[in-house]
Amino acid sequence: MKSSRRSILAPLCAAPLLFLTGCGPSGPKKPVIGVSFETLQTEFWVAGYDAIKKECAAQGYDVAEAVADGDAGKQLEQIRSFITRKVDGIIMVPKDAKTCVPMIKAANAAGIPIVLFNRGADAGPDVKATAVVADNTGLTKLTVEYMVEMARKTGRKHTAAILLGDLGDLNGVARRDGAEAALNAAPDAVEVVARIPTEWNQEKAQAGVVNALQAHPEIDFIFTSSDFLLPSITSALKSAGKYHKAGEPGHVILGGFDGDATAWRLMQEGYLDATGVQDVYFEAKQSVQAIADQRAGKAAAPSILDPGFVIHRGNMAEKSAQMWGAHTGR
Amino acid sequence: MKRTALILLDHAVILLFAGVLLTFGFLAPGFLSWASLGNLLIQSSPTAVLAAGMTFVLMVAGVDLSVGAVMALAAAVAGKMMLGGFSMPLALAAMLFMGPACGLVNGLLVTRLHIAAFIATLGTLWLGRGGALWITETRAMNLPDSFLHLGSSRLLGIPLPGIICAAVLAAGNVLLEQTPFGRQLRATGHSAVAAAKAGINVRRLVTAAYVICGFCAALAGILVLGQLGAVSPKFGLNKEFAAIAAAVLGGTSLFGGRGAVFPGSLLGAALIQAVENGLVAINANPYLYPVVTSAVIFVAVLLDTLRQRLRAAATRRIFPETEAKAFSASAAA
């Protein structure tokens, strides 16, 4: 009787001790990575967020999550909170290139590895962080060059409109530079008649394309700096009677950047010709790996470049596995 | 001389608008074509409707920062319904129900809980944005083409968005200029305390202004959906600033008591849109857009300030003692 009572009481007494020491049945405590995103207001950021969480789980990390809702001050507090909690690494999407510098310095002072996801910092050599960024300029140039080749194959000169992003956003500016570089090298094939600043706003984009098509009905080549603006373009093309699939008469050569779900659908339907895809999975993997490397004592690389890839109707079957938008649509 | 200046300043926004049209018409052939002017009307309709609603709130010395979020929330609900198999009329009805409902919440927060309008509507802005993000799951919802038909349909050759906009502005104008409700709004904007003493139910009046503003936000959302045919997580983002700018450009005071739905809101919205359309038509340097647009807004506001000063000076000279009596009379009416 005594022994049976002891056998019941022993685990009951041991349980709180196990809880206090953190050595329960789930095993030793996992290292934690603090993930702070500036916003989750676009599909791309949500895909990146999910990819990072998945990669953290795959590499044996727990995740502490935070979203700053576009507020750099709030993000600074979140990073400080991560530091107070003594996380083992920080991955962040900064609001912009400047405001993240004090956050990086704070992490550096605490000796916590920090990685910037998809947006670099405008900082001097005294701060230590790894930026995992897409080659916005190079990838946009490749995408537009592919579109130019398509235009050349038709044997006639094309008239283009370009939709620019927010000119205060480094990614938007880099994509503009990439598009301009490709188009300036092909004056024989394409002439740009409209450069539409959208400020990443769908309504401005729609109005801009409608007006450009009104002023230049001959426009037959459109590049957008983000696939998120594709619904605005298709709406404008539909109202102008210029929405035709590739191969049909009157088709407008259409290209974009990002690789979202709308781009994937339009490409499958035959309306979108090419888009530059940021490899979210590559960037997430490299971000978590950079934390692991720094924890292992390796020096932090200042930047890791995601070369991305151009997806078009010729290679979509083979590349779809890497295109994040092909897996996030409804 | 001062009389001429006053007449000119009274019509400053109209003259500025005409100047913008003529300048771009000269620089870009085709800018003044019927098709181009039709586009201008369609594109400025949502902002004009939004500004009309905002005028009611500004008239009572309030502000509604949540209009863009209400547009997004209502559009997200409509999008979800459409993708879930509901009919378009039902989705539109849901939008038109949600707008005034959100306005009622704003109105009650301001009048019953006495939360400052700026804070109350900032809170509902975040609530609305959060709700819209939740419903859309941060993904674009591409709606059936029937929504685009709504935006591109014409009645007697006039674009449907233009007709809806005209109807809203006409109704708003009648309500504001020719009903006791409008006069009471003005009186409340001048002084809520004096209005209450004159027997006006200020709480109910202010709540009604927010409900009207919410209804206009939902309607503006429908007009934007008719043009885009899609709901994105950023739907209606920063629209509140466009609405306030258009209302102020149209002559509405930020301090209450003064404003007009027609032609004020329409002119304000069309002026901003005309500048942006003109810059696209001449393929201007993209860096010039914010500079030129804000310069035009600045000139319009500057001229309006001058007009107010001159008019105030003239009023003091002509009606030194009767001004207060006139105000009391308008409040009592």
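In what follows, every chain begins at residue 1, and chains take the letters A, B, ... in the order their sequences are listed. Every value quoted in this text rests on a predicted model; they were computed, and no experiment measured them.
Contact of Ala28(B) with chain A is not made at all, since no heavy-atom distance falls under 4.5 Å. Residue contact with chain A, scored on non-hydrogen atoms closer than 4.5 Å, involves the side chain of Leu133(B) exclusively. Using a 4.5 Å cut-off between heavy atoms, Tyr287(B) contacts chain A through both its backbone and its side chain. Looking at Trp200(A), both its backbone and its side chain come within 4.5 Å of chain B, counting heavy atoms on both sides. With a threshold of 4.5 angstrom between heavy atoms, Val210(A) approaches chain B through its backbone and through its side chain. Neither the backbone nor the side chain of Asp260(A) comes within less than 4.5 Å of any heavy atom in chain B.
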Kindly indicate, with the supporting measurements, whether the criterion side chain to side chain contact (heavy atoms under 4.5 Å, CB included) is fulfilled by Glu276(B) and Lys204(A).
-> CA-CA 9 Å; Glu276(B) 292 190 352; Lys204(A) 280 184 191 282; 2.9 Å; yes
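With Lys234(B) as reference, Thr42(A) is the one residue of Asn201(A), Thr39(A), Thr42(A) to meet the side chain to side chain contact (heavy atoms under 4.5 Å, CB included) rule.
Of the listed residues (Leu164(A), Val46(A), Val193(A), Ile196(A)), the greatest number of heavy-atom pairs within a distance under 4.5 Å of chain B belongs to Val193(A). Considering only heavy-atom pairs separated by less than 4.5 Å from chain B, the leading option among His216(A), Arg176(A), Glu203(A), Glu199(A) is Glu203(A). Counting heavy-atom pairs under 4.5 Å between each of Ile282(B), Val280(B), Leu279(B), Leu228(B) and chain A puts Leu228(B) at the top. Chain A forms more heavy-atom pairs under 4.5 Å with one residue of Ser152(B), Ser36(B), Ala230(B), Gly229(B) than with any other, namely Ser36(B). Between chain A and the options Ile42(B), Leu237(B), Asn277(B), Asn238(B), heavy-atom pairs under 4.5 Å are most frequent for Asn277(B). The greatest number of non-hydrogen atom pairs below 4.5 Å with chain A, out of Ala284(B), Gly30(B), Pro46(B), Ala35(B), is found for Ala35(B).
Contact of the Gln43(B) side chain with the Asn211(A) side chain is registered, since non-hydrogen atoms from C-beta on lie closer than 4.5 Å. A heavy-atom distance below 4.5 Å is not found between the side chains of Leu167(A) and Tyr289(B). Contact check for Ser239(A) versus Gln227(B): no side-chain heavy atoms found under the 4.5 Å cut-off.
Note that the CG atom of Asn142(B) and the CZ atom of Arg265(A) stand 4.0 Å from one another [nearest 0.5 Å]. Distance check, rounded to the nearest 0.5 Å: CD of Gln214(A) to CG of Asn39(B) gives 4.5 Å. Put simply, NZ on Lys238(A) and CG on Leu148(B) are 5.5 Å apart, with the number rounded to the nearest 0.5 Å. Atom OG in Ser232(B) sits 9.0 Å away from atom CG in Leu229(A) (nearest 0.5 Å).
The two residues Ala194(A) and Asn283(B) come nearest to each other via the heavy atoms CA-OD1, 3.4 Å. Between Ala215(A) and Ala281(B) the shortest heavy-atom distance is CB-CA, 4.3 Å.
Counted within 6.0 Å of NZ on Lys242(A), heavy atoms from surrounding residues, nucleotides or ligands total more than 12; the atom is thus considered enclosed.
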